[in-house]
Amino acid sequence: MFRLWGKMWKDNRMIRDTVYEEESEDTRTHKIFRGLDEICHEFDLERPIWLDKTVAEFKRHSKARFYQDSFIEEIPFDYLELQVIEEG
């Protein structure tokens with residue numbers, strides 16, 4: 001089971017969250033991208049851009065934050081956080 005937790009933060013408070021789950025044998029990268037697509041769809045957001053700093057953070061901690069500079073449109077929150085909470 002692969003689980004990816006998506007959280008929206010504003011003023012140091014989590015304002016919305018969801019968990020994406022998948023049981024396929026696909027690669028970790030494909031699961032992450034599918035999870036991000038599903039989370040963005042649920043939150044009615046465009047898909048953010050993976051900046052170099054975001055990729056590096058995700059590789060180190062299995063967690064990444066997408067700030068305004070990762071989105072083309074204005075976002076009504078401070079950042080979107082993705083975190084892998086289960087891999088197996």
Side-chain angles (χ1 to χ4, degrees):
M1 173 70 76
F2 174 83
R3 295 174 46 180
L4 186 66
W5 190 10
K7 301 173 268 189
M8 260 188 211
W9 292 86
K10 181 155 180 85
D11 299 327
N12 292 321
R13 296 180 193 271
M14 184 170 49
I15 58 172
R16 193 163 178 196
D17 73 317
T18 188
V19 175
Y20 170 78
E21 298 180 347
E22 183 173 325
E23 293 191 33
S24 76
E25 295 298 320
D26 211 348
T27 65
R28 181 177 194 252
T29 302
H30 287 127
K31 292 176 188 178
I32 291 165
F33 283 126
R34 272 197 302 275
L36 178 58
D37 286 345
E38 288 297 319
I39 289 167
C40 287
H41 179 73
E42 185 169 328
F43 289 167
D44 194 26
L45 294 172
E46 64 178 275
R47 187 174 10 163
I49 299 164
W50 286 84
L51 302 173
D52 291 340
K53 66 181 181 180
T54 313
V55 172
E57 178 185 1
F58 197 82
K59 285 180 180 178
R60 260 192 315 269
H61 306 291
S62 291
K63 183 193 296 189
R65 290 181 177 177
F66 297 94
Y67 295 92
Q68 179 62 62
D69 59 351
S70 294
F71 293 91
I72 296 171
E73 296 177 358
E74 190 71 26
I75 56 172
F77 52 90
D78 295 332
Y79 59 88
L80 172 67
E81 183 176 88
L82 290 183
Q83 180 178 2
V84 175
I85 55 176
E86 183 178 346
E87 290 186 81

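Note that the numbering runs from 1 along the sequence shown for the chain.
- Around atom CG of Asp52, no more than 12 heavy atoms belonging to other residues, nucleotides or ligands sit under 6.0 Å away.
- Linking ILVMFWY residues whenever their side-chain heavy atoms come closer than 4.5 Å, directly or via other members, places Leu80 and Ile15 in the same cluster.
- Within the model, atoms CD of Glu42 and OG1 of Thr18 stand 3.5 Å from one another, a figure rounded to the nearest 0.5 Å.
- The number of heavy-atom neighbours closer than 6.0 Å to CZ of Arg65, taken from other residues, nucleotides and ligands shown, is above 12.
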Practice problem: Please step through salt bridge (charged side-chain N to carboxylate O under 4.0 Å, His left out) for the pair Lys63 and Glu57, ending with a clear verdict. | Solution: CA-CA 7 Å; Lys63 183 193 296 189; Glu57 178 185 1; over 6 Å; no
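- Side-chain contact, Tyr79 with Glu81: no donor N or O sits under 3.5 Å from an acceptor N or O.
- Ala64 and Phe58 make their closest contact through CB-CD1, 3.6 Å (heavy atoms, listed as atom of the first residue, atom of the second, distance).
- Under the 4.5 Å side-chain heavy-atom criterion for Ile, Leu, Val, Met, Phe, Trp and Tyr, Val55 and Phe33 are members of the same hydrophobic cluster.
- With hydrogens and angles disregarded, no donor-acceptor distance shorter than 3.5 Å links the side chain of Glu23 to the backbone of Phe2.
- Side chains of Leu4 and Gln83 form no contact here, defined as non-hydrogen atoms less than 4.5 Å apart.
- Using modelled atom types, one side-chain atom of Asp78 and one backbone atom of Asp11 make a donor-acceptor pair closer than 3.5 Å.
- Rounded to the nearest 0.5 angstrom, Met1 CE and Glu87 CD are separated by 13.0 Å.
- In this structure, the side chains of Thr54 and Pro48 stay at 4.5 Å or more apart for every pair of heavy atoms.
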Exercise. Give the intermediate values and the outcome of side chain to side chain contact (heavy atoms under 4.5 Å, CB included) for residues Leu45 and Glu73.
Key: CA-CA 9 Å; Leu45 294 172; Glu73 296 177 358; over 6 Å; no
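- Checked against the 6.0 Å centroid threshold, Tyr20 and Trp5 do not count as a close aromatic pair.
- In the hydrophobic clustering of ILVMFWY residues, with side-chain heavy atoms under 4.5 Å counting as a link, Met14 and Ile39 come out apart.
- Under a hydrophobic-cluster definition in which Ile, Leu, Val, Met, Phe, Trp and Tyr are linked whenever side-chain heavy atoms come within less than 4.5 Å, directly or via other members, Met8 and Val19 are assigned to different clusters.
- For His61, the NE2 atom is densely surrounded, since the number of other residues' heavy atoms within 6.0 Å is greater than 12.
- One side chain, Ser62 or Arg28, offers a donor N or O that lies under 3.5 Å from an acceptor on the other.
- To the nearest 0.5 Å, atom CD of residue Glu38 and atom NZ of residue Lys31 are 15.0 Å apart.
- A distance-only check finds no donor-acceptor pair linking the side chain of Gln68 to the backbone of Phe77 [under 3.5 Å].
- The nearest pair of heavy atoms linking Cys40 to Arg47 is SG-CA, 4.0 Å.
- Trp9 and Val84 end up in different hydrophobic clusters when Ile, Leu, Val, Met, Phe, Trp and Tyr side chains are linked at under 4.5 Å.
- A donor-acceptor pair is defined here as one N or O able to donate and one able to accept, closer than 3.5 Å; such a pair exists between the side chain of Glu46 and the backbone of Ile72.
- Here the closest heavy-atom approach between residue Phe66 and residue Phe71 is recorded as O-CE1, 3.6 Å.
- Here the OG-CD1 distance, from Ser70 to Ile49, works out to 7.0 Å after rounding to the nearest 0.5 Å.
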Quiz item: Could you walk me through whether Arg34 and Ser24 pass the side chain to side chain contact (heavy atoms under 4.5 Å, CB included) check?
Solution: CA-CA 11 Å; Arg34 272 197 302 275; Ser24 76; 3.6 Å; yes
